[in-house]
Amino acid sequence: MRVRRILGLALAAVTLAGVSAVGAVSAGAASSPNISRDDCTAAGGQIVSRPYAGEACALPDGTMPAIT
């Protein structure tokens with residue numbers, strides 16, 4: 001009985017670590033990189049002002065990276 005409990009806890013810890021790693025990678029991939037004003041206009045985007053978040057570039061593909 002005790003061995004089962006220890007194996008269950010070990011499996012739960014490994015599963016949680018795996019889910020955390022996948023979440024961190026997904027969050028990193030989902031965030032857009034920063035872009036300059038010149039690169040924004042050269043890519044066909046428009047500079048938009050976001051309240052409390054500064055300026056962003058609205059690109060034709062629907063992404064909105066922050067302006068640096």
Side-chain angles (χ1 to χ4, degrees):
M1 189 71 154
R2 183 176 179 189
V3 173
R4 257 191 197 166
R5 185 178 299 164
I6 291 172
L7 288 175
L9 288 174
L11 180 61
V14 169
T15 303
L16 182 62
V19 169
S20 297
V22 169
V25 169
S26 298
S31 64
S32 298
N34 293 339
I35 191 170
S36 70
R37 287 174 150 292
D38 294 333
D39 291 339
C40 176
T41 54
Q46 295 180 345
I47 298 171
V48 294
S49 180
R50 300 178 297 177
Y52 306 107
E55 294 181 330
C57 176
L59 293 170
D61 65 355
T63 58
M64 290 189 64
I67 299 287
T68 55

**Prompt:** Could you go step by step and tell me if I35 and I67 meet the side chain to side chain contact (heavy atoms under 4.5 Å, CB included) rule?
**Reply:** CA-CA 5 Å; I35 191 170; I67 299 287; 4.2 Å; yes

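- A pairwise comparison of heavy atoms in C40 and I47 identifies SG-CG1, 4.0 Å as the closest pair.
- Summarising the geometry of E55 relative to R50, their closest heavy-atom pair is O-NH2, 3.8 Å, with the distance given to 0.1 Å.
- Of all non-hydrogen atoms in P60 and G44, the two that sit nearest each other are CG-O, 3.6 Å.
- A58 approaches M64 most closely through the heavy-atom pair CA-CG, 4.1 Å.
- Between the CG atom of D39 and the CG atom of N34 there is a distance of 11.5 Å, given to the nearest 0.5 Å.
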**Request:** Dump the intermediate steps for side-chain hydrogen bond (donor to acceptor under 3.5 Å, both in side chains) on S36 and D38, then the final yes or no.
**Result:** CA-CA 5 Å; S36 70; D38 294 333; 5.3 Å; no

